[in-house]
Engineer: 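Structure below; questions to follow.
Every value quoted in this text rests on a predicted model; they were computed, and no experiment measured them.
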Amino acid sequence: MSGQLAAAVGRAFAVDGPLAQHEPDFIPRPQQDCLAARIAQALDGREALVAEAGTGVGKTFAYLVPLLLSGRRALVSTATKSLQDQLFLRDLPRLARALKVPLRLALLKGRASYLCRHRLQQAHSQGQLPDRHAVRALHRVATWAQGTRTGDLAEIEGLDDRSPVIPLVTSTRDNCLGAECPEHRACHVMQARREAMGADLVVVNHHLFFADLALRDSGVAELLPTVDAVVFDEAHQLVEAGVQFLGTVLATGQALDLGRDLLAQGLQHARGLQPWHDLQAAIERAARELRLAGAGPVREVRALLKLAWDERAEALQSPLRALAAAADAAAQALGAVAETAPDLPKLEQRARALAALALRFAEPAAPDQVRWIDLTPQQARLVESPLDIRDMLTQQRQSAPKAWIFTSATLGDDESLSWFSSSTGLEDAARLRVGSPFDYPAHARAWVPRRFPLPNAAGHPAAVGALAARCAVALRGRTFVLTTTLRVLPLVAQAIAEAATAQGSTLQVLVQGSEPRRALLQRFGDGRGSVLVGSQSFWEGIDMPGDALQCVLIDKLPFPPPNDPLVQARVRQLRAQGRNPFEDYFVAEAAVSLKQGAGRLIRTESDRGLLVLCDPRLRQMGYGRRLLAALPPMALLDEEAQALDWLAELAAAH
């Protein structure tokens with residue numbers, strides 16, 4: 001096939017090719033041609049390829065077209081479920097039609113994405129719902145369940161991911177009855193797996209990929225040996241997803257779920273035979289004590305907090321052993337009545353597994369593992385995981401010859417893309433860097449204020465807000481402010497509002513968390529003089545093309561937080577290897593994050609804008625040159641007057 005695939009890919013992307021004929025927005029780009037040709041070569045030779053493609057290259061089509069034309073069986077993994085849906089519902093069907101390629105396509109998500117008909121029936125009969133909103137949500141699910149083919153809960157418009165109904169109507173690896181389930185033949189999870197095993201191309205997400213390799217629960221582990229090619233899009237998120245989902249987790253929510261199911265099933269199938277209320281109360285009490293011990297002095301939790309294990313290990317001992325004892329008592333009680341109903345032996349297994357997990361976390365971690373605590377408003381998660389995904393990925397690559405493609409807009413700030421390749425064991429892979437086709441020198445400017453408070457100064461958030469207001473007033477809105485922490489969001493937002501009022505402006509300040517992300521972006525995109533202040537979840541995956549967004553301010557350099565337990569473990573690892581943690585880790589991480597944030601500004605060939613970096617260390621410190629060099633080649637401004645003149649020019653053209 002050598003050469004034939006490359007020629008077919010070249011024809012597909014030609015000026016008069018099928019993409020130009022079927023895609024109204026298609027523009028031939030040499031960078032896209034280069035990337036697609038190199039991916040075709042990797043597919044032909046079953047190579048590993050790490051490819052960075054700048055904003056606007058069109059990397060999605062650049063890997064999908066060679067995949068479709070190759071006829072090879074493939075697995076495509078992307079960062080989020082929404083990107084999965086975009087590939088499955090929009091991009092792949094469009095391309096298959098344009099290229100006239102027959103395609104059996106499948107979408108595979110984790111269990112928690114699919115309706116479990118058996119648990120839906122149980123939720124109806126047991127009626128243990130927290131409030132009337134949950135009752136309404138359950139009714140919506142039940143109505144939709146009558147007509148759905150896939151059972152994918154994403155089909156239900158407006159169903160909140162955090163709804164308490166979702167755990168009640170989906171299965172977990174622990175509570176699935178398998179072949180003994182009365183709804184086994186109609187099971188949506190099993191149907192999705194069957195379709196995946198029979199498909200030419202299967203779309204998954206990174207979390208599912210790693211979780212399944214660890215637990216062998218969703219079909220990816222069975223699917224992987226049967227494909228000829230694996231593509232990871234948004235590959236810059238791969239290591240973080242791997243570390244999170246390859247690990248072992250004990251969650252207080254997991255214990256509370258067991259207690260709830262224990263009480264419901266015990267009363268339904270074996271009422272009066274065991275003290276079900278007392279057994280559930282003991283599990284619930286231990287779970288709540290575990291969360292309190294994990295949180296320590298932290299009382300109010302608004303978002304995910306990562307806490308160091310060593311600081312809490314001693315306090316966790318007693319609640320962990322209490323949870324193990326409570327789970328063991330539940331297992332013994334269930335074992336005594338296991339023959340009463342098929343749900344009860346499964347519950348017994350869950351209780352024994354929870355007891356073993358609690359005892360495992362009561363013992364010290366293995367030397368090659370790192371532990372930490374994820375604290376959320378709902379629960380505490382104790383996590384034990386490898387520090388990187390090198391060993392796992394190397395093992396998978398060696399198990400069977402196939403093409404492995406890793407692509408993203410940001411994979412490092414050097415030619416060897418070492419930020420990504422060293423943490424994934426891909427030093428031996430082929431590398432490709434393809435720059436953006438956009439004319440950054442003509443269309444974009446960057447400015448680092450010279451006289452500005454340092455990021456650790458008390459007045460820094462207020463100074464960022466005041467500067468953002470001056471920029472946004474000049475531009476009549478259309479400004480993003482990206483912060484590195486949630487803590488400063490309200491401070492910056494308040495400073496913007498006060499400074500705008502002082503200038504006689506009626507700027508609308510939209511703040512992350514005040515309403516759902518999609519709603520905020522819709523309100524911002526209407527162009528009515530808005531400033532949006534957001535933290536980590538707004539740094540990437542936001543596509544606001546045209547003149548809806550023309551100014552992005554970043555409050556400070558996005559260095560990893562030094563008190564994060566994972567960061568501390570990586571620093572220890574690098575020091576043990578004789579490497580410099582600051583240069584090799586902190587600066588490299590900041591460069592990649594900075595590229596992601598800056599990438600919100602220019603999204604099409606005609607976009608124009610200003611990037612403001614409110615951190616004077618970029619001008620004062622030696623590493624500043626490296627970080628500025630990692631950005632797209634924007635013209636660098638010296639003074640605020642130049643920046644405001646540029647914004648006035650953009651406003652005049654609006």
Side-chain angles (χ1 to χ4, degrees), residues 119 122-123 126 128 130 164 167-168 170-177 215 247-296 298 301 307 309 312-365 371-384:
R119 287 180 61 78
Q122 287 183 330
Q126 289 157 11
Q128 293 181 324
L168 300 181
T170 57
S171 69
T172 65
R173 180 169 175 261
D174 291 334
N175 64 30
C176 172
L177 297 179
L215 301 172
T248 302
V249 176
L250 169 57
T252 54
Q254 180 184 349
L256 294 173
D257 286 348
L258 173 68
R260 185 186 62 226
D261 291 347
L262 171 79
L263 181 62
Q265 298 302 321
L267 293 178
Q268 183 175 345
H269 300 297
R271 183 184 291 271
L273 299 182
Q274 297 289 352
W276 302 116
H277 283 98
D278 294 346
L279 291 164
Q280 189 241 4
I283 291 174
E284 191 168 303
R285 188 164 53 249
R288 296 197 189 289
E289 288 297 322
L290 185 61
R291 189 185 185 283
L292 284 171
V298 179
V301 184
L307 305 176
W309 180 265
R312 307 281 196 277
E314 194 173 328
L316 289 167
Q317 283 290 315
S318 176
L320 278 169
R321 296 193 184 279
L323 180 58
D328 189 56
Q332 290 183 39
L334 286 160
V337 296
E339 294 176 4
T340 315
D343 289 288
L344 300 182
K346 196 71 182 177
L347 268 176
E348 182 190 354
Q349 289 173 24
R350 283 172 65 188
R352 293 198 188 286
L354 183 65
L357 206 49
L359 289 175
R360 172 174 174 166
F361 276 96
E363 300 297 326
R371 277 184 185 172
W372 71 92
I373 302 158
D374 281 340
L375 201 61
T376 71
Q378 291 81 31
Q379 64 175 339
R381 295 171 76 248
L382 314 186
V383 188
E384 179 180 297

Engineer: With side chain to side chain contact (heavy atoms under 4.5 Å, CB included) as the test, would you mind laying out the steps for Q254 and Q379 before giving the verdict?
Structural biologist: CA-CA 9 Å; Q254 180 184 349; Q379 64 175 339; 5.8 Å; no

Engineer: Would you find a donor on one side and an acceptor on the other, under 3.5 Å apart, between the side chain of T252 and the backbone of A287?
Structural biologist: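 It does not hold such a pair.
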
Engineer: Indicate the atoms forming the closest heavy-atom contact of L258 with A351, along with that distance.
Structural biologist: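 Here L258 and A351 meet closest at CD2-CA, 3.8 Å.
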
Engineer: Between R352 and E348, is there a side-chain N and carboxylate O pair less than 4.0 Å apart?
Structural biologist: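 Looking at R352 and E348, the cut-off is met.
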
Engineer: With side chain to side chain contact (heavy atoms under 4.5 Å, CB included) as the criterion, how do R360 and L250 come out once you've worked through the C-alpha distance, each side chain's angles and the decisive distance to 0.1 Å?
Structural biologist: CA-CA 10 Å; R360 172 174 174 166; L250 169 57; over 6 Å; no

Engineer: Has the side chain of W309 got a donor or acceptor atom that lies under 3.5 Å from a matching backbone atom of R371?
Structural biologist: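 No; zero donor-acceptor contacts below 3.5 Å.
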
Engineer: Any side-chain heavy-atom pair from Q349 and L334 closer than 4.5 angstrom?
Structural biologist: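 With C-beta onward as the side chain, the pair stays apart.
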
Engineer: For A293 and P319, which heavy atoms make the closest approach, and how far apart are they?
Structural biologist: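 It is CB-CG, 3.8 Å.
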
Engineer: Could you work out, with side chain to side chain donor-acceptor pair (under 3.5 Å) as the rule, every residue matching Q378, not counting sequence neighbours?
Structural biologist: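 In terms of side chain to side chain donor-acceptor pair (under 3.5 Å), with neighbours along the sequence ignored, Q378 is linked to no residue.
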
Engineer: So, E384 side chain and G247 main chain: donor-acceptor pair closer than 3.5 Å or not?
Structural biologist: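 No: the side chain of E384 does not pair with the backbone of G247.
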
Engineer: Looking only at heavy atoms, what is the nearest atom pair of L279 and A333, with distance?
Structural biologist: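 For L279 versus A333, the nearest heavy atoms are CD1-CB, 3.5 Å.
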
Engineer: May I ask you to say whether D257 pairs ionically with R350, meaning some side-chain N is under 4.0 Å from a carboxylate O?
Structural biologist: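 No, no charged N to carboxylate O under 4.0 Å.
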
Engineer: Kindly state each residue pair satisfying salt bridge (Lys or Arg N to Asp or Glu O under 4.0 Å) with at least one member in residues 275-284, sequence neighbours excluded.
Structural biologist: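 Residue pairs with at least one partner in residues 275-284: E284-R288.
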
Engineer: Quick one: CD on Q268 to CG on D261, what's the gap to the nearest 0.5 Å?
Structural biologist: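 It comes to 11.0 Å.
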
Engineer: About how many Å separate NE2 of H269 and CH2 of W276, when rounded to the nearest 0.5 Å?
Structural biologist: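 Reported to 0.5 Å precision, the distance equals 10.5 Å.
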
Engineer: Run I373 and R381 through side chain to side chain contact (heavy atoms under 4.5 Å, CB included) and show every step you take.
Structural biologist: CA-CA 6 Å; I373 302 158; R381 295 171 76 248; over 6 Å; no

Engineer: Quick check against the 3.5 Å criterion: does R119 have a side-chain atom that pairs as donor or acceptor with the backbone of P167?
Structural biologist: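 Checking the backbone N and O of P167 against the side chain of R119, a donor-acceptor pair under 3.5 Å is found.
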
Engineer: Please name the pair of heavy atoms, one in A336 and one in Q274, separated by the smallest distance, quoted to 0.1 Å.
Structural biologist: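 Looking at all heavy atoms of both residues, the shortest contact is CB-NE2, 3.5 Å.
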
Engineer: Distance from H277 atom NE2 to L262 atom CG, nearest 0.5 Å?
Structural biologist: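 Reported to 0.5 Å precision, the distance equals 10.5 Å.
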
Engineer: On a heavy-atom basis, which atom in A255 and which in I283 lie closest, and how many Å separate them?
Structural biologist: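 That would be O-CG2, 3.3 Å.
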
Engineer: Please report the closest heavy-atom contact between G294 and L316, naming both atoms and the distance.
Structural biologist: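 The answer is N-CD2, 3.7 Å.
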
Engineer: Name each donor-acceptor pair under 3.5 Å that joins a side chain in residues 337-347 to protein atoms two or more places apart or in another chain, with its distance.
Structural biologist:
{"unit_1": "T340", "atom_1": "OG1", "unit_2": "V337", "atom_2": "O", "d": "2.6"}
{"unit_1": "D343", "atom_1": "OD1", "unit_2": "H118", "atom_2": "NE2", "d": "3.4"}
{"unit_1": "K346", "atom_1": "NZ", "unit_2": "C176", "atom_2": "O", "d": "3.3"}

Engineer: Under the side chain to side chain contact (heavy atoms under 4.5 Å, CB included) rule, what do V383 and F361 come out as? Steps first, then yes or no, please.
Structural biologist: CA-CA 9 Å; V383 188; F361 276 96; 5.8 Å; no

Engineer: Roughly how far, to the nearest 0.5 Å, is CZ of R271 from CD of Q265?
Structural biologist: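 Q265 CD to R271 CZ: 12.5 Å, rounded to 0.5 Å.
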
